[in-house]
Amino acid sequence: APASDKKSITLPAMSALTDLMRGLAGPEAHLVQSDRTDWAALSGAGSVFFAVIQNNAGDEAGSMIFDLEASLKLAGALLMESEEVIESLLEEKVMSDEMLDAASEVCHTLTAALNKVSGNPHLRAGKMQPFTEARAAQLPVATKRDDYRYNQGGRFTLVAC
């Protein structure tokens with residue numbers, strides 16, 4: 001079907017995402033709504049990552065976008081890394097392969113909130129990857145978008161296309 005005929009997915013409530021983050025990072029973890037993040041401006045030097053959200057047919061339904069800090073903090077929580085290791089990676093502005101894999105697993109976990117929304121098809125998250133200009137160009141035409149700050153550090157955006 002032409003893209004204009006596709007039904008956009010419904011984004012989950014912030015509370016549903018927060019519940020999943022607490023399962024990953026502990027009871028203190030939560031999200032707060034934030035102003036729109038200019039991901040194109042922040043994306044220099046590998047500091048922004050995204051995962052595509054797809055339906056069972058493999059069609060893109062949206063994406064999750066994280067800055068380096070949120071990616072590392074959530075991936076580090078999943079791997080039970082020490083704060084020192086996470087801070088060291090942040091200072092070096094490095095996303096190791098192991099942390100990238102763990103961040104991809106975080107995206108997979110957060111997709112559960114999308115799958116619980118009535119009317120959404122079954123969705124899955126792809127592997128986390130560095131943010132691209134092509135991804136930035138898609139943001140202005142997104143049908144829905146929610147921007148958040150992660151209280152442990154960093155930013156996160158959920159997009160429906």
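Remember, it's a predicted structure, so these values are computed and weren't measured experimentally.
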Once rounded to the nearest 0.5 Å, what's the spacing between atom [atom1] of [X] and atom [atom2] of [Y]?
X	Y	atom1	atom2	answer
Phe49	Ser63	CZ	OG	15.0 Å
Ile65	Phe50	CD1	CZ	8.0 Å
Ile53	Cys161	CD1	SG	8.5 Å
Arg155	Ser34	CZ	OG	6.5 Å
Ile86	Leu74	CD1	CG	9.0 Å

Shortest non-hydrogen contact from [X] toward [Y]:
X	Y	value
Ser8	Thr143	OG-OG1, 2.6 Å
Ala51	Gly126	CB-O, 3.5 Å
Leu158	Pro12	CD2-CD, 3.5 Å
Ser43	Val48	CA-CG2, 3.6 Å
Ala160	Leu11	CB-CD2, 4.0 Å

Set of salt bridge (Lys or Arg N to Asp or Glu O under 4.0 Å) partners for Glu83, sequence neighbours left out: Lys73
Under the salt bridge (Lys or Arg N to Asp or Glu O under 4.0 Å) test, residues paired with Asp19 that sit two or more places apart: none
So, using side chain to side chain contact (heavy atoms under 4.5 Å, CB included) as the criterion, who are the partners of [X] when residues are at least two apart?
X	result
Ala134	Thr132
Val32	His30, Arg149
Asn56	His122, Arg124
Ser118	none

Among residues at least two apart in sequence or on other chains, which ones pass ring-ring contact (aromatic ring centres under 6.0 Å, His included) with Phe156? Phe66, Tyr148
Side-chain heavy-atom pair [X], [Y] within 4.5 angstrom cut-off:
X	Y	value
Val159	Leu139	yes
Val117	Ile9	no
Leu31	Ser15	no

Glu28, CD: over 12 other non-hydrogen atoms inside 6.0 angstrom: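 12 or below, so no.
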With a sphere of 6.0 Å drawn around CG of Asp38, does it hold more than 12 non-hydrogen atoms of other residues, nucleotides or ligands? yes
Non-neighbouring partners of Glu92 that pass side chain to side chain donor-acceptor pair (under 3.5 Å), sequence neighbours left out: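 For Glu92 the side chain to side chain donor-acceptor pair (under 3.5 Å) partners, ignoring immediate neighbours, are Ser88.
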Is the backbone N or O of Leu123 less than 3.5 Å from a side-chain atom of Asn115, with the two atoms forming a donor-acceptor pair by type? yes
Cut-off 3.5 Å, no hydrogens considered: what does the side-chain donor-acceptor table look like for residues 106-114, sequence neighbours left out?
unit_1: Thr109; atom_1: OG1; unit_2: Glu105; atom_2: O; d: 3.0
unit_1: Thr111; atom_1: OG1; unit_2: Cys107; atom_2: O; d: 2.8

Could you give all pairs that pass the salt bridge (Lys or Arg N to Asp or Glu O under 4.0 Å) test and reach residues 133-146, with sequence neighbours left out?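 Qualifying pairs: Glu60-Arg135, Arg145-Asp147.
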Cut-off 3.5 Å, no hydrogens considered: what does the side-chain donor-acceptor table look like for residues 94-101, sequence neighbours left out?
unit_1: Ser96; atom_1: OG; unit_2: Met99; atom_2: N; d: 3.1
unit_1: Asp101; atom_1: OD1; unit_2: Lys127; atom_2: NZ; d: 2.4

